[in-house]
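Side-chain atoms are counted along with the backbone in the values below, which use heavy atoms only and exclude waters and symmetry mates. Below, chain A is the first sequence line, B the second, and so on; all start at residue 1.
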Number of protein chains: 2
Amino acid sequence: MVQREGRAERRVATLSDVAQRAGVSLATASKALNGRSEVAPATRQRVIAAAEEISFTPNQLARSLVENRTRTVGLLTSDLEGRFVLPILIGAEDAFGAGRVDVFLCDARGDAVRERHHLNALLERRVDGIIVVGRQTDPRPSLGHELPVPVVYVYAPSDDPSDLSLTPDNRAGGRLSVEHLIACGRSRIAYISGDRSYVAARDRVEGALGALDDAGLELVGEVMYSEWSEHWGRDAAAMLLTKHPEIDGIVCGSDQIARGAIDTLRDLRRAVPDDVVVIGFDNWEILATNSRPALTTIDANMQELGRTAAQRIFEAIDGEVTEQGIHYQPVRLVIRGSTIERR
Amino acid sequence: MVQREGRAERRVATLSDVAQRAGVSLATASKALNGRSEVAPATRQRVIAAAEEISFTPNQLARSLVENRTRTVGLLTSDLEGRFVLPILIGAEDAFGAGRVDVFLCDARGDAVRERHHLNALLERRVDGIIVVGRQTDPRPSLGHELPVPVVYVYAPSDDPSDLSLTPDNRAGGRLSVEHLIACGRSRIAYISGDRSYVAARDRVEGALGALDDAGLELVGEVMYSEWSEHWGRDAAAMLLTKHPEIDGIVCGSDQIARGAIDTLRDLRRAVPDDVVVIGFDNWEILATNSRPALTTIDANMQELGRTAAQRIFEAIDGEVTEQGIHYQPVRLVIRGSTIERR
DNA sequence: AAACTTTCCGAAACCGCTTTCGGTCAGAGT
DNA sequence: ACTCTGACCGAAAGCGGTTTCGGAAAGTTT
């Protein structure tokens with residue numbers, strides 16, 4: 001029988017090669033390399049040396065097959081931009097790091113068919129768990145409960161309350177924004193939001209209004225809803241300031257909007273933060289740190305979200321009773337020049 | 001022997017379950033599901049039906065083990081931002097899509113140790129190939145030639161010429177920028193670059209200067225080198241315009257810089273594009289489309305890069321002779337409002 | 001010195017699948 | 001009626017590991 005040439009068949013070393021070289025049996029070699037106790041120190045050394053000499057790389061496929069776990073979790077995202085999924089990936093890798101688990105990232109690009117396909121690919125590869133990341137905080141369809149592995153939804157919660165979802169606490173974020181502006185001595189506060197159809201937009205507004213109410217203040221003007229863009233931030237700010245020149249603080253639904261608002265303020269020769277303070281949402285570094293002045297904003301702690309998701313997956317794998325429902329994770333105020341005067 | 005409870009051991013269906021249910025042997029079931037010809041149509045139908053009934057999901061681990069290929073490639077990146085790696089991932093997935101290959105993404109975060117670790121993880125999982133993505137176009141250390149799988153370097157080329165690297169043609173990009181400004185009727189062109197220590201910065205400048213030379217023009221002022229930031233773009237533009245008020249076109253080393261430059265032009269009440277045209281580099285959508293006016297820029301065709309990388313991996317897997325060296329991939333001019341007057 | 005432990009090792013089963021290869025059996029050829 | 005083909009199917013041998021379990025050798029007790 002002719003060996004098919006073509007594929008660069010540089011045969012990789014196998015455990016029996018190691019065993020043979022060390023003069024022990026397959027079983028002993030395995031035990032030696034896995035740190036099992038039933039093997040004499042001298043033997044173990046011999047095996048390890050042999051393995052190194054032929055640069056043996058254990059075949060995880062074989063191992064996974066028998067152990068019935070792959071030490072791999074799937075990260076199924078539809079966030080093509082990557083601004084949410086990458087921090088989450090990093091957080092998850094950190095949390096898994098200790099357990100030598102790796103993360104398999106699939107990008108469904110917001111396409112249900114592709115998502116189905118990738119889900120299937122993950123299941124066929126027998127991942128131990130799946131983290132689903134959406135690109136907005138609106139509820140998304142559940143993957144269902146027939147899955148043989150634990151699933152955690154991050155950022156976009158599942159629409160099925162018996163799934164476990166982790167999502168940033170937008171309401172708290174909105175509240176935090178307003179409280180910060182008040183702490184900055186402002187009382188004539190306006191709000192430029194994004195697309196009203198987003199839960200995130202509404203939740204943030206709700207939190208903000210709550211905080212204003214608690215402080216006995218009223219919003220200046222109406223909440224301005226439109227789209228999540230710098231363009232809208234500019235236009236909305238212009239409209240607001242024309243109608244309500246007394247405004248001394250603007251809460252924005254996103255960093256993009258905030259940048260637009262700051263742009264307009266600059267055009268209008270209103271100093272930030274002296275005359276008007278501005279706060280954004282997301283802490284999208286590239287936007288927040290490059291604006292003039294740098295943008296105070298709310299960080300949704302994506303990395304932490306990823307870490308927590310990983311832990312929940314772990315717990316579920318280990319058979320602990322799985323939690324359910326939407327868990328709102330704390331957000332964090334990041335103070336920069338747009339609210340606090342730089343010295 | 002007590003079955004270990006704990007892990008949600010919902011036993012997943014196996015091929016023998018299918019075989020049994022369909023009343024055929026394991027071998028026949030396998031053949032039926034894989035579309036092999038040595039099985040009668042009726043039998044095949046029976047097997048397929050059985051598989052569906054118990055929602056059989058083939059175990060790729062087992063399959064990979066025997067086929068000696070995983071239909072998985074690793075994407076090893078150090079681009080935490082994700083602005084390069086995600087388009088590349090998408091391109092690669094597209095190219096592989098047909099062959100039902102999936103991509104395993106690992107983020108080394110620019111850390112050599114982590115990179116080593118992930119590389120090992122990929123090899124243990126027996127990926128069929130590896131795509132290495134850097135976050136800048138400077139050469140990076142090769143992973144070496146001892147690897148049992150094909151490797152393609154993307155964006156950041158390998159420092160070993162016998163590796164295959166795909167990187168955008170920054171020189172052509174620089175040239176394209178200048179040619180476009182000239183086509184816009186400009187002749188007093190300045191250049192704001194980024195960090196001089198980056199090959200990308202120097203290559204782009206080189207291309208630009210070449211194009212100027214070909215047109216019989218001279219650069220206005222010196223090439224300004226500093227950092228890749230909006231801040232620098234603002235400052236550099238201010239300096240340039242003070243010293244050389246005649247400038248009617250600015251080539252920028254990145255979109256960030258270009259945004260800064262546009263900002264300054266706005267402050268100075270110089271109209272873009274009427275008085276001065278500006279061109280960036282990268283086509284980083286979030287920056288380019290939100291500036292006032294939107295930014296004309298050079299797109300490095302990352303997605304195409306990913307697709308090509310995937311194809312090269314395929315070829316190498318199939319045993320075709322592998323190419324070597326650094327291949328400079330074409331870039332593309334994206335025209336927006338900062339160079340062409342909007343109607 | 002006999003009996004009993006303990007320590008260390010290896011044969012073999014198994015994980016879930018693919019593939020080879022020999023066997024059955026129906027229909028075709030003569 | 002009898003061989004000869006094919007077409008179809010299944011037993012069994014792996015793929016590269018882990019793990020069980022029995023046994024040999026060495027050390028401990030009496």
Side-chain angles (χ1 to χ4, degrees), chain A residues 1-4 7 9 11-47 50-51 54-71 123-128 148, chain B residues 1-4 7 9 11-47 50-51 54-71 123-128 148:
Chain A
M1 170 106 208
V2 177
Q3 173 79 3
R4 189 167 78 82
R7 294 193 55 186
E9 297 278 10
R11 203 175 84 68
V12 305
T14 165
L15 186 57
S16 4
D17 297 338
V18 175
Q20 199 171 337
R21 191 164 233 274
V24 299
S25 80
L26 195 60
T28 304
S30 172
K31 284 181 264 191
L33 292 178
N34 290 319
R36 304 283 303 260
S37 59
E38 327 110 339
V39 45
T43 314
R44 185 188 308 278
Q45 278 314 316
R46 212 147 24 94
V47 174
I54 60 179
S55 63
F56 167 66
T57 308
N59 186 328
Q60 286 295 343
L61 301 173
R63 178 199 279 255
S64 297
L65 191 55
V66 42
E67 286 191 339
N68 200 30
R69 69 178 300 191
T70 51
R71 297 169 194 283
L123 293 178
E124 289 186 346
R125 283 181 173 71
R126 296 293 190 264
V127 294
D128 295 331
Chain B
M1 170 105 204
V2 176
Q3 172 80 4
R4 190 167 77 81
R7 296 193 53 187
E9 296 279 10
R11 204 176 83 67
V12 306
T14 165
L15 186 59
S16 6
D17 298 337
V18 175
Q20 199 171 339
R21 190 165 235 273
V24 298
S25 80
L26 197 59
T28 303
S30 171
K31 284 180 257 189
L33 292 179
N34 290 319
R36 306 281 305 261
S37 59
E38 326 109 346
V39 45
T43 314
R44 185 187 308 279
Q45 278 315 316
R46 213 149 21 95
V47 174
I54 59 178
S55 61
F56 167 66
T57 308
N59 186 328
Q60 287 294 345
L61 301 174
R63 179 202 277 257
S64 297
L65 190 55
V66 39
E67 286 191 339
N68 199 29
R69 70 178 299 190
T70 50
R71 297 168 195 283
L123 293 177
E124 289 186 345
R125 283 179 173 71
R126 295 294 190 266
V127 293
D128 295 332

Legend entry - Residue A:F56, side-chain atoms from C-beta onward, closest of D:dT20, C:dG16, D:dG17: D:dG17
Legend entry - Rounded interatomic separation in angstrom, taking CG from B:L26 and P from D:dC15: 17 Å
Legend entry - Separation of A:L26 CG from A:T14 OG1 (nearest 0.5 Å): 7.0 Å
Legend entry - Near-strand residues of residues 57-64 of chain B, defined as heavy-atom separation under 4.0 angstrom from DNA chain C: B:P58, B:N59, B:A62, B:R63
Inset, instruction - Find the distance between OG1 (A:T43) and CZ (A:R46) and round it off to the nearest 0.5 Å. - result: 5.0 Å
Inset, instruction - Return the set of residues passing salt bridge (Lys or Arg N to Asp or Glu O under 4.0 Å) with A:R63 (not counting sequence neighbours), or none when no residue passes. - result: A:E67
Legend entry - A:I54 CD1 to A:D17 CG distance, which is reported to the nearest 0.5 Å: 5.0 Å
Inset, instruction - When you get a sec, tell me which of C:dT19, D:dG16, C:dA12 is the closest nucleotide to the side chain of B:E67? - result: C:dT19
Legend entry - Rounded interatomic separation in angstrom, taking CD1 from A:I54 and P from D:dG16: 13 Å
Legend entry - Approximate separation, where rounding is to 0.5 Å, of A:L61 CG and B:L61 CG: 6.0 Å
Legend entry - Distance in angstrom units between A:E124 CD and C:dG16 P, rounded: 15 Å
Inset, instruction - Sequence neighbours left out, what passes side chain to side chain contact (heavy atoms under 4.5 Å, CB included) with A:L123? Give chain and number order. - result: A:L119, A:I130, A:L147, A:P148, A:V149, B:T57
Inset, instruction - Would you mind telling me which of C:dG10, D:dA12, C:dC17 lies closest to the side-chain atoms of B:T14? - result: C:dC17
Inset, instruction - Rounded to the nearest angstrom, tell me the gap between atom CZ in A:R69 and atom P in D:dG17. - result: 19 Å
Legend entry - Options D:dT18, D:dC9, C:dG10, nucleotide nearest the side-chain atoms of B:T28: D:dC9
Inset, instruction - Report the residues that fulfil side chain to side chain donor-acceptor pair (under 3.5 Å) with A:S25, sequence neighbours left out, ordered by chain and then residue number. - result: A:T28
Legend entry - CZ on B:R125 to CZ on A:R125, rounded to 0.5 Å: 11.5 Å
Inset, instruction - To the nearest Å, give me how far apart CG (A:L15) and P (C:dA12) are. - result: 17 Å
Inset, instruction - Output all residues satisfying side chain to side chain donor-acceptor pair (under 3.5 Å) with B:S64, sequence neighbours left out; order by chain, then residue number. - result: none
Inset, instruction - Please figure out whether A:G23 or B:K31 has its closest DNA chain C nucleotide nearer the 5' end. - result: A:G23
Inset, instruction - Would you kindly give the CG-to-P distance between A:D17 and D:dC15, to the nearest whole Å? - result: 11 Å
Legend entry - Whether over 12 other heavy atoms sit under 6.0 Å from B:Q20 CD: no
Inset, instruction - For A:R125 and C:dG16, give me the distance from atom CZ to atom P, rounded to whole Å. - result: 18 Å
Legend entry - For atom CD of A:Q20 and atom C1' of D:dG16, their distance in whole Å: 15 Å
Inset, instruction - Output all residues satisfying side chain to side chain donor-acceptor pair (under 3.5 Å) with B:E38, sequence neighbours left out; order by chain, then residue number. - result: B:R36
Legend entry - N or O in side chain of A:S25 less than 4.0 angstrom from C:dA11 OP1/OP2: no
Inset, instruction - Find the bend of the helix from C:dA1-D:dT30 to C:dT30-D:dA1 as the angle between its two terminal axes (five pairs each), to the nearest 10°. - result: 50°
Inset, instruction - Applying side chain to side chain contact (heavy atoms under 4.5 Å, CB included), name anything that partners A:A32, two or more places apart in sequence or on another chain. - result: A:V39, A:R44, A:V47
Inset, instruction - Output the residues of residues 34-45 of chain B in contact with DNA chain C, where contact means a heavy atom of the residue under 4.0 Å from an atom of the strand; sort by number or write none. - result: B:N34, B:R36
